[in-house]
Amino acid sequence: MALIVQKFGGTSVGTVERIEQVAEKVKKFREAGDDIVVVVSAMSGETNRLIDLAKQISDQPVPRELDVMVSTGEQVTIALLAMALIKRGVPAVSYTGNQVRILTDSAHNKARILQIDDQKLRTDLKAGRVVVVAGFQGVDEHGNITTLGRGGSDTTGVALAAALKADECQIYTDVDGVYTTDPRVVPRAQRLDKITFEEMLEMASLGSKVLQIRSVEFAGKYNVPLRVLHSFQEGPGTLITLDEEESMEQPIISGIAFNRDEAKLTIRGVPDTPGVAFKILGPISAANIEVDMIVQNVAHDNTTDFTFTVHRNDYQNALRILEQTAREIGAREAGGDIDIAKVSIVGVGMRSHAGVASRMFEALAKESINIQMISTSEIKVSVVIEEKYLELAVRALHTAFELDAPSPQGE
Ligand code: ADP
Ligand code: ASP
Ligand code: MG
């Protein structure tokens, strides 16, 4: 008998009919003898609807109150799913994050899970009940409701699996696994049977929203067997694994990720003196704004240009700070651009192959796509390009690295 944590995402619980379908599925597992903990998201569109409501009151809603509100989405689905299970004769009970006691820090809207009390869940499982837990939410030490950031139900699932030492954490969604890239953008993307934690972590942090980054971090840290599967279609899905298979056949890159959520800022004509990078980025980080890519140009005439990217939500704030810095340090000008996108190729196979970056640049050059910024690490190469070329770039790279399926889906 296995203990399985199953997480169902927003589209999978998007209607009452789908919730009934999920209940049927859970029932089958239960009848096969497995102990089941189910984590659900809010019905699709619900979290966005709630955020929009808050934004009608204020552009920047108070983070604590926003959490009180957005956490309600998941409270609806846990209750509906528990009802659907009970209707089918499957004993079930639902809990909010607070009721389980998923303890988090107090960073509202992006809280981290610190500890999970598994007592109640174990008692219920022992009594033969399916436990349905609200994803995306927790509670801080003062009793405030917190949420874990968009896509956070994945992390709830994995964290519960880690706490309960589950045999597997199954992430059910609207695609049948992790693909070489988003199958909505590249119809010839291919499902991967396996992907390493390391690669999945890069894919997630570079923009593949199929799994929230923290869920992959958690799974890697606590060695939780993690699988991505389709909610309503049979299939093996994609296993996220520890082992890197050594094989001649190993592809050089495993996947392509992209991200439209960043914006670029540039400060020009900066006096090139020691400490200049700190003078520019210090105030940005003091304002709690995370910086991603950074490029400092070679100095001419003792001045230099400095460019970096931040999340688009932080753009206006960052620009204001940068303009202030420009005045203080005597730079020529500060400016920015939000119409950019980041495209990344990811693969552990890069470690053993030279020339991967130049192959990427060649493919982009063939499409006349200008590269604005570049950053590399051992298993990824990222470029910033103009946003309007994003899809073209992803498709060109998918072809250049021989990731295309033999024929497009549906043909
Ligand atoms: P859920 O609501 O179930 O959490 P998400 O929308 O968060 O689902 O994640 C699933 C979506 O992730 C897919 O519909 C797909 O468009 C997108 N996606 C992005 N990159 C990939 C990828 N490499 N493989 C599979 N899906 C991807
Ligand atoms: N409902 C939350 C969101 O839309 C959490 C999740 O679905 O994982 O981001
Ligand atoms: Mg998701």
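Whatever order the structure lists ligands and atoms in, that order sets their numbers, starting from 1.
For Gly152, the heavy-atom gap to ligand 2 drops under 4.0 angstrom.
Considering backbone and side-chain N/O of Gly151, one or more are found under 3.5 Å from N/O of ligand 2.
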Run through all N or O atoms in ligand 1 and write down each protein N or O closer than 3.5 Å, as a pair with its distance.
{"residue": "ligand 1", "atom": "2 (O)", "partner": "Gly10", "partner atom": "N", "Å": "3.1"}
{"residue": "ligand 1", "atom": "3 (O)", "partner": "Thr173", "partner atom": "OG1", "Å": "2.6"}
{"residue": "ligand 1", "atom": "4 (O)", "partner": "Lys7", "partner atom": "NZ", "Å": "3.0"}
{"residue": "ligand 1", "atom": "7 (O)", "partner": "Lys209", "partner atom": "O", "Å": "3.4"}
{"residue": "ligand 1", "atom": "8 (O)", "partner": "Thr173", "partner atom": "OG1", "Å": "3.1"}
{"residue": "ligand 1", "atom": "14 (O)", "partner": "Asp174", "partner atom": "OD1", "Å": "2.8"}
{"residue": "ligand 1", "atom": "14 (O)", "partner": "Arg184", "partner atom": "NE", "Å": "3.1"}
{"residue": "ligand 1", "atom": "14 (O)", "partner": "Arg184", "partner atom": "NH2", "Å": "2.5"}
{"residue": "ligand 1", "atom": "16 (O)", "partner": "Asp182", "partner atom": "OD1", "Å": "2.8"}
{"residue": "ligand 1", "atom": "16 (O)", "partner": "Asp182", "partner atom": "OD2", "Å": "3.3"}
{"residue": "ligand 1", "atom": "16 (O)", "partner": "Arg184", "partner atom": "NE", "Å": "2.8"}
{"residue": "ligand 1", "atom": "23 (N)", "partner": "Tyr179", "partner atom": "O", "Å": "3.0"}
{"residue": "ligand 1", "atom": "24 (N)", "partner": "Tyr179", "partner atom": "N", "Å": "2.8"}

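Evaluated by nearest non-hydrogen atom to atom 6 (C) of ligand 2, the leading choice among Ser153, Gly9, Ala42 is Ser153.
For Asp337, the salt bridge (charged side-chain N to carboxylate O under 4.0 Å, His left out) test picks out no residue, with sequence neighbours left out. In terms of the side chain to side chain contact (heavy atoms under 4.5 Å, CB included) criterion, residue partners of Thr304 (sequence neighbours excluded) are, by chain and number, Val270, Asp272, Gln296, Asn297, Ala299.
Counting atoms of ligand 2 from 1 in the listed order, those under 4.0 Å from a heavy atom of Arg150 are 3 (C), 4 (O), 9 (O).
With a heavy-atom cut-off of 4.0 Å, Glu74 touches ligand 2 through its side chain alone.
Salt bridge absent: Asp339 and Lys388 never bring a charged side-chain N and a carboxylate O closer than 4.0 Å. One finds a salt bridge joining Glu20 and Lys87 here, because a Lys/Arg side-chain nitrogen approaches an Asp/Glu carboxylate oxygen to under 4.0 Å.
Among Ile102, Leu103, Thr156, the one residue that satisfies the side-chain contact (heavy atoms from CB on, under 4.5 Å) test with Ile116 is Ile102.
Across all non-hydrogen atoms, the minimal contact from Ile78 to Thr96 is CD1-N, 3.9 Å.
Residues Arg150 and Asn48 have side chains that bring a donor and an acceptor to within less than 3.5 angstrom of each other. Inspection of the Glu199 and Thr196 side chains reveals an N or O donor paired with an N or O acceptor under 3.5 Å.
Note on residues 57-77: no pairs pass salt bridge (charged side-chain N to carboxylate O under 4.0 Å, His left out), not counting sequence neighbours.
Atom 7 (O) of ligand 2 has its closest protein heavy atom at Ser41 OG, 3.0 Å.
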